[in-house]
Amino acid sequence: MGQGGSLHGNVYPLNARRRGAATSQGPQGAAAVSGGRTKQPPLRLTRRGRFVFFGVPLILLAAFILSFSGFLNAPAKAADSADQLSVTPTVSVTVQPGESLWAIAGSVAPERDPRDVVADIVELNNLDAARVMPGQQLFVPSK
């Protein structure tokens with residue numbers, strides 16, 4: 001079996017302290033004990049243990065950062081009350097055959113950049129694309 005009748009190497013039976021001496025196993029026991037303390041083997045984590053120890057906190061940290069970044073990137077609100085809203089002056093225009101938003105923007109506001117006017121027209125009319133059909137009614141910013 002081994003010295004001292006131990007089947008488990010450096011593992012002592014549960015009632016070893018009750019007997020009085022924890023180092024009664026001869027040279028093997030003396031190597032395992034130094035200064036009254038038992039020498040513990042280094043901690044080894046299994047694959048599951050490493051995941052729990054490192055992975056779970058990292059996942060929780062990532063979830064916290066992503067949820068917090070949603071607060072920082074929240075869309076700005078238009079106004080606190082209806083009194084603070086401003087009305088955009090608009091004119092209703094009927095699209096003629098062969099006419100594009102670029103041409104309408106150039107004729108309505110020649111002093112402004114046509115790209116800005118086209119973006120305003122798309123936003124005012126909730127258009128999905130910059131295509132218009134002849135006969136379509138559009139709201140165009142007047143200034």
Side-chain angles (χ1 to χ4, degrees), residues 1-19 21-23 25 27-143:
M1 282 201 195
Q3 293 181 359
S6 173
L7 295 174
H8 306 289
N10 289 339
V11 178
Y12 300 106
L14 291 175
N15 57 0
R17 287 192 177 172
R18 284 188 228 149
R19 290 185 192 165
T23 61
Q25 294 183 352
Q28 183 181 10
V33 176
S34 63
R37 297 184 128 189
T38 60
K39 184 177 178 183
Q40 297 290 329
L43 180 67
R44 295 186 186 201
L45 291 176
T46 62
R47 188 177 199 183
R48 183 186 306 170
R50 283 190 302 269
F51 176 75
V52 170
F53 192 73
F54 296 112
V56 171
L58 286 176
I59 290 171
L60 292 174
L61 179 66
F64 176 74
I65 289 173
L66 288 175
S67 65
F68 186 68
S69 68
F71 290 117
L72 297 177
N73 295 330
K77 56 183 176 178
D80 288 329
S81 67
D83 298 338
Q84 295 176 347
L85 294 175
S86 62
V87 177
T88 303
T90 60
V91 177
S92 179
V93 174
T94 304
V95 179
Q96 301 300 318
E99 202 170 29
S100 66
L101 284 179
W102 191 268
I104 294 171
S107 65
V108 170
E111 70 282 352
R112 288 182 58 195
D113 186 7
R115 292 173 291 194
D116 294 336
V117 179
V118 168
D120 291 343
I121 294 171
V122 168
E123 184 179 348
L124 280 171
N125 296 286
N126 294 325
L127 299 175
D128 293 332
R131 293 186 168 219
V132 290
M133 302 298 290
Q136 185 177 358
Q137 293 284 332
L138 295 176
F139 293 108
V140 179
S142 62
K143 292 189 181 186

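Interatomic distance, Ile59 CD1 to Phe51 CZ, rounded to the nearest 0.5 Å: 4.0 Å. Note that the CH2 atom of Trp102 and the OG atom of Ser107 stand 13.0 Å from one another [nearest 0.5 Å].
Nearest heavy-atom pair, Phe139 versus Thr90, reported as atom, atom and distance to 0.1 Å: CD2-OG1, 4.1 Å. Shown here for Ile121 and Pro141, the closest heavy-atom pair between the two residues is CG1-CD, 3.9 Å. Considering all non-hydrogen atoms of both residues, Ala105 and Val118 come closest at CB-CG2, 3.8 Å.
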(Q) If you apply the rule side chain to side chain contact (heavy atoms under 4.5 Å, CB included), what do you find for Leu138 with Leu101, and how did you get there? (A) CA-CA 10 Å; Leu138 295 176; Leu101 284 179; 3.7 Å; yes
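For the pair Ser100 and Val132, the minimum side-chain heavy-atom distance is 4.5 Å or more. In this structure, the side chains of Glu99 and Ile104 come closer than 4.5 Å at one or more pairs of heavy atoms. You'll find the side chain of Asn125 stays beyond 4.5 Å of the side chain of Gln136, heavy atoms only.
The environment of Glu123 atom CD is sparse: at most 12 non-hydrogen atoms of other residues, nucleotides or ligands sit within 6.0 angstrom.
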